[in-house]
Trainee: 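One structure coming up, written as structure tokens, with questions to follow.
Quick caveat, the model's predicted, so the values are computed rather than measured. Keep in mind that the numbers below use all heavy atoms, side chains included, and drop hydrogens, waters and symmetry copies.
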Amino acid sequence: MTENQLRQKVADTINAWVGATKGSAKHLDILEVYNNYRPLARGYKVQVKDAYCATTVSAAYIRAGIAPYTGTECGVEKYTLVAKKLGIWVENDTHTPRIGDACVYDWQDNGKGDCTGAGDHIGIVTQVSAGSFVVTEGNMTGGKVGKRTMAINGRYIRGFICPDFAAIAKKLGGNSTGNTGVSSAVQGAAHTVVAGDTLGKIAARYGTTVDALAAINGIKNKNLIRVGQVIYLTEAAAAVAKLASLGVINSPDYWQQAAASGKVKYLDRLLVKAAAKITKAGPRSSTVANAVGALVAAGVIDTPDYWLANYNTFPSLDALLCALGGAVK
């Protein structure tokens with residue numbers, strides 16, 4: 001993934017939440033993404049009643065798969081401290097941000113000189129034009145997710161969080177100038193087709209076969225792939241992508257990483273079998289025991305004792321089981 005594609009991914013992620021209000025499905029999605037991420041900033045689990053502008057920014061970075069490079073926080077001023085520690089804080093009101101950067105506000109700014117007060121609010125820059133930029137923000141007036149247009153060097157700008165998207169893209173397997181190999185936050189999980197690619201070339205690059213890639217990705221004509229198409233390299237990666245597209249899981253990069261790491265035995269098989277059975281999201285199972293029972297009944301797992309004994313040994317595994325159990329038929 002290129003730098004610009006990664007920036008746009010962040011913008012698209014937060015823009016998908018526009019219109020959310022406290023307690024709405026979109027708001028609960030934001031909280032779930034944030035609260036399921038580890039490490040949880042300061043150990044605090046954000047509640048529905050809480051202000052959530054910094055939480056929304058963090059959740060967008062988490063879902064885009066770049067939180068290890070941006071840090072996360074549910075407090076605005078705390079987030080500026082995180083950014084300073086990471087070396088991605090820009091102390092300059094006149095700075096022209098880019099898409100994917102975060103704009104921090106101070107409502108006590110008097111408009112004179114560089115504002116150095118405490119941060120009160122935050123959002124992600126999702127559009128930039130001559131002399132102005134658009135910021136998408138959580139917890140605007142009325143507790144909604146919406147957009148605000150700001151003038152460059154406008155009043156109330158406290159500063160900017162500016163992740164090094166070029167460096168992040170390279171670390172995730174892409175580059176800052178053009179073609180990309182791995183399109184996921186997990187290297188080796190997927191490949192985005194570029195001009196000149198064939199299924200044979202992709203298979204050779206990743207040490208697999210054309211037949212395996214065709215089977216994983218449901219490709220009927222092995223000679224026909226298109227630029228921009230995502231080719232999943234493993235069954236687990238394809239399964240995670242399907243479950244995410246159905247709305248069953250909300251953090252695909254996280255579960256791709258978990259499956260690839262091997263830290264949870266049988267997780268890859270659980271995801272693959274569940275994806276084969278599930279056709280739409282459903283109400284989550286109320287308990288892990290109920291979820292495991294539903295998955296056993298559907299033929300997804302045949303070792304219930306293992307999952308019941310180990311669901312609390314990996315962050316959010318209990319939530320995953322409840323999501324799958326509620327959706328499986």
Trainee: Rounded to the nearest 0.5 Å, how far apart are OG1 of T234 and CG of D268?
Mentor: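 Output value for this atom pair is 8.0 Å.
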Trainee: Treating S316 as the side-chain partner and A319 as the backbone partner, does any N or O pair qualify as donor plus acceptor under 3.5 Å?
Mentor: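 Absent.
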Trainee: In chain order, what residues pass the salt bridge (charged side-chain N to carboxylate O under 4.0 Å, His left out) check against R63, with sequence neighbours excluded?
Mentor: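 Applying salt bridge (charged side-chain N to carboxylate O under 4.0 Å, His left out) to R63 gives D29.
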Trainee: Drop me the distance from S58's OG to Y79's OH, to the nearest 0.5 angstrom.
Mentor: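 Spacing of OG (S58) from OH (Y79) equals 4.0 Å.
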Trainee: Excluding sequence neighbours, so at least two apart, what forms salt bridge (charged side-chain N to carboxylate O under 4.0 Å, His left out) with K222?
Mentor: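 K222: salt bridge (charged side-chain N to carboxylate O under 4.0 Å, His left out) contacts with D211.
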Trainee: For D101 and C162, indicate whether the former's side chain and the latter's backbone hold a donor-acceptor pair under 3.5 Å.
Mentor: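 Judged by distance alone, no pair lies under 3.5 Å.
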Trainee: Under 4.5 Å between any side-chain heavy atoms of I157 and D109, yes or no?
Mentor: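 In short, these two side chains do not touch, never coming nearer than 4.5 Å.
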Trainee: Which residues pass the salt bridge (charged side-chain N to carboxylate O under 4.0 Å, His left out) test with R155, sequence neighbours left out?
Mentor: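 Residues passing salt bridge (charged side-chain N to carboxylate O under 4.0 Å, His left out) with R155: none at all.
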Trainee: Can you give me the closest heavy-atom contact between N4 and R98, atom names plus distance?
Mentor: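 Closest pair (atom of N4, atom of R98, distance): OD1-NH2, 3.2 Å.
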Trainee: Before we go on, tell me: are the rings of Y266 and Y306 under 6.0 Å apart, centre to centre?
Mentor: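 For Y266 and Y306, the ring centres are under 6.0 Å apart.
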Trainee: When you measure from the side chain of Y34 to the backbone of V46, do you find a donor-acceptor pair of N or O atoms at a distance under 3.5 Å?
Mentor: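 Not confirmed, Y34 side chain does not pair with V46 backbone.
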Trainee: Is the closest side-chain heavy-atom distance between R226 and V193 below 4.5 Å?
Mentor: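 No, side chains not in contact.
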Trainee: Given T287 and N290, is the side-chain contact (heavy atoms from CB on, under 4.5 Å) satisfied, shown in steps?
Mentor: CA-CA 5 Å; T287 66; N290 289 342; 3.2 Å; yes
Trainee: For residues V145 and Y105: do they belong to one hydrophobic cluster (side chain heavy atoms under 4.5 Å, members Ile, Leu, Val, Met, Phe, Trp, Tyr)?
Mentor: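 No, V145 does not connect to Y105 through the hydrophobic network.
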Trainee: Just to verify, which of R42, K85, K84, K78 counts as forming a salt bridge (Lys or Arg N to Asp or Glu O under 4.0 Å) with E73?
Mentor: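 When salt bridge (Lys or Arg N to Asp or Glu O under 4.0 Å) is applied between E73 and each of R42, K85, K84, K78, only R42 qualifies.
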Trainee: For A167, is there any backbone N or O sitting under 3.5 Å from a side-chain donor or acceptor partner on D164?
Mentor: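 Side chain of D164 to backbone of A167, a donor-acceptor pair under 3.5 Å: yes, one is there.
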Trainee: Please report the interatomic distance CG(L199) to CG(N223), rounded to the nearest 0.5 Å.
Mentor: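 The distance works out to 8.5 Å.
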Trainee: Test of understanding: clusters of I, L, V, M, F, W, Y form through side-chain heavy atoms closer than 4.5 Å, transitively. Do L320 and Y254 belong to the same one?
Mentor: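 They do share one cluster, since a chain of ILVMFWY contacts under 4.5 Å joins L320 to Y254.
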Trainee: Do other residues, nucleotides or ligands put more than 12 heavy atoms under 6.0 Å from the NZ atom of K26?
Mentor: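 Yes.
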Trainee: Can you label the angle between the F133 ring and the F160 ring as parallel, tilted or perpendicular, going by 30° and 60°?
Mentor: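 F133 vs F160 ring planes: perpendicular.
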Trainee: Going from OG1 on T303 to CZ on R269, what distance comes out if it is rounded to the nearest 0.5 angstrom?
Mentor: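 Output value for this atom pair is 12.5 Å.
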Trainee: With a 4.5 Å limit on heavy-atom distance, are the side chains of T72 and Y61 in contact?
Mentor: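 No, too far: nothing below the 4.5 Å cut-off.
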Trainee: For the residue pair I88 and P163, what are the closest heavy atoms and their distance?
Mentor: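 That closest heavy-atom pairing would be CG2-CA, 4.0 Å.
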Trainee: Do V48 and L28 make a side-chain contact, defined as non-hydrogen atoms from C-beta onward lying under 4.5 Å apart?
Mentor: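 Side chain of V48 against side chain of L28, heavy atoms only: contact under 4.5 Å found.
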Trainee: Between D197 and H191, does any side-chain donor sit less than 3.5 Å from a side-chain acceptor?
Mentor: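 Yes.
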Trainee: Which donor-acceptor pairs under 3.5 Å do side chains of residues 112-124 form with protein atoms, sequence neighbours excluded?
Mentor:
residue	atom	partner	partner atom	Å
D114	OD1	D93	N	3.1
D120	OD2	W107	N	2.8
H121	NE2	E137	OE1	2.9

Trainee: Side-chain atoms of residues 270-281: list all donor-acceptor pairs with protein atoms under 3.5 Å, sequence neighbours left out, distances to 0.1 Å.
Mentor:
residue	atom	partner	partner atom	Å
K277	NZ	A298	O	3.3

Trainee: Is there a side-chain contact between T56 and N139 (heavy atoms, below 4.5 Å)?
Mentor: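 When only atoms from C-beta onward are counted, N139 and T56 do not touch, as no gap falls below 4.5 Å.
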Trainee: When clusters are formed by joining ILVMFWY residues with side-chain heavy atoms under 4.5 Å apart, either directly or through shared neighbours, do I14 and M140 land in the same one?
Mentor: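 As far as the 4.5 Å side-chain criterion goes, M140 and I14 are not connected within one cluster.
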Trainee: Hey, quick one: are W89 and V135 part of the same hydrophobic cluster, counting side-chain heavy atoms closer than 4.5 Å, chains of contacts allowed?
Mentor: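 No, because W89 and V135 fall into different hydrophobic clusters, even though each may have its own neighbours under 4.5 Å.
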Trainee: Linking directly or through intermediates, with side-chain heavy atoms under 4.5 Å: list the remaining ILVMFWY members grouped with V134, chain and number order.
Mentor: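 Under the 4.5 Å side-chain rule, V134 groups with nothing.
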Trainee: Quick check against the 3.5 Å criterion: does D50 have a side-chain atom that pairs as donor or acceptor with the backbone of Y52?
Mentor: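 Flag not set: sc D50 to bb Y52 has no pair under 3.5 Å.
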Trainee: Do N15 and V18 come close enough that some side-chain heavy atom pair is under 4.5 Å?
Mentor: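 A side-chain contact under 4.5 Å exists here.
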Trainee: Go through the steps for Y69 and K171 under the test side-chain contact (heavy atoms from CB on, under 4.5 Å), then give the verdict.
Mentor: CA-CA 10 Å; Y69 310 99; K171 288 179 180 179; 3.6 Å; yes
Trainee: Quick one, T94 with I152, criterion side-chain contact (heavy atoms from CB on, under 4.5 Å). Give me CA distance, side-chain angles, the key distance, then yes/no.
Mentor: CA-CA 6 Å; T94 67; I152 301 297; 5.6 Å; no
Trainee: Among the clusters formed by ILVMFWY side chains lying less than 4.5 Å apart, do I161 and L86 turn up in the same one?
Mentor: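 Yes, I161 and L86 fall within the same hydrophobic cluster.
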Trainee: Hey, is the main chain of G326 close enough, under 3.5 Å, to the side chain of S285 for a donor-acceptor pair?
Mentor: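 Confirmed, S285 side chain pairs with G326 backbone.
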Trainee: If you measure from the Lys or Arg side-chain nitrogens to the Asp or Glu carboxylate oxygens, is any gap between R158 and E77 under 4.0 Å?
Mentor: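 Salt bridge between R158 and E77, a charged N being under 4.0 Å from a carboxylate O: no.
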Trainee: Given 3.5 Å as the limit, does a donor-acceptor pair link the side chain of Q8 with the main chain of Q5, or not?
Mentor: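 No.
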Trainee: Would you name the heavy atoms of V33 and A59 that are closest together and state the gap between them?
Mentor: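 Shortest heavy-atom contact: CG1-O, 3.6 Å.
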Trainee: Do I30 and T55 have side chains that get closer than 4.5 Å, going by heavy atoms?
Mentor: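 Sidechains of T55 and I30: in contact.
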Trainee: Can a side-chain donor-acceptor contact be found between W255 and Q257 if the only test is distance below 3.5 angstrom?
Mentor: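 The criterion, which ignores hydrogens and geometry beyond distance, is not satisfied for W255 and Q257.
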Trainee: To the nearest 0.5 angstrom, please state how far the OG1 atom of T136 sits from the NZ atom of K147.
Mentor: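 Between T136 OG1 and K147 NZ, I get 4.5 Å after rounding to 0.5 Å.
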Trainee: Under a 3.5 Å threshold, yes or no: a donor from one side chain and an acceptor from the other, between Y44 and N35?
Mentor: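 No pair is found: no donor N or O on one side chain lies under 3.5 Å from an acceptor on the other.
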Trainee: Whether E3 and K170 form a salt bridge (side-chain N of Lys/Arg under 4.0 Å from carboxylate O of Asp/Glu) is what I want to check.
Mentor: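 Result for this pair is no, no salt bridge flagged.
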Trainee: What's the shortest heavy-atom distance between A190 and V230, and which atoms?
Mentor: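 For A190 and V230, the tightest heavy-atom pair comes out as CB-CG1, 3.8 Å.
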Trainee: Can you tell me how far the CG atom of D302 sits from the CH2 atom of W307, to the nearest 0.5 Å?
Mentor: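 D302 atom CG to W307 atom CH2 measures 11.0 Å (nearest 0.5 Å).
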Trainee: Without swapping roles, check the side chain of Q47 against the backbone of K45 for a donor-acceptor pair under 3.5 Å.
Mentor: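 Such a contact is found between Q47 side chain and K45 backbone.
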Trainee: Could you go through N310 and T313, starting from their C-alpha distance and side-chain angles, then the distance that decides it, and tell me whether this counts as side-chain contact (heavy atoms from CB on, under 4.5 Å)?
Mentor: CA-CA 5 Å; N310 290 280; T313 62; 3.9 Å; yes
Trainee: Has the side chain of K201 got a donor or acceptor atom that lies under 3.5 Å from a matching backbone atom of G196?
Mentor: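 The answer is yes, because a donor-acceptor pair under 3.5 Å joins these two groups.
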Trainee: State, yes or no, whether a side-chain contact exists between I219 and L213 at a heavy-atom distance under 4.5 Å.
Mentor: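 Not in contact.
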Trainee: Looking only at non-hydrogen atoms, find the nearest pair between A54 and V76 and report the distance.
Mentor: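 Answer, listing the atom of A54 first, then V76: CB-N, 4.0 Å.
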Trainee: Just by distance, no angles: are the side chains of S129 and S132 close enough, under 3.5 Å, to form a donor-acceptor pair?
Mentor: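 Present: a donor and an acceptor within the cut-off.
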Trainee: For I66 versus F165, what's the shortest heavy-atom pair and its separation?
Mentor: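 Heavy atoms of I66 and F165 come nearest at CD1-CE2, 3.7 Å.
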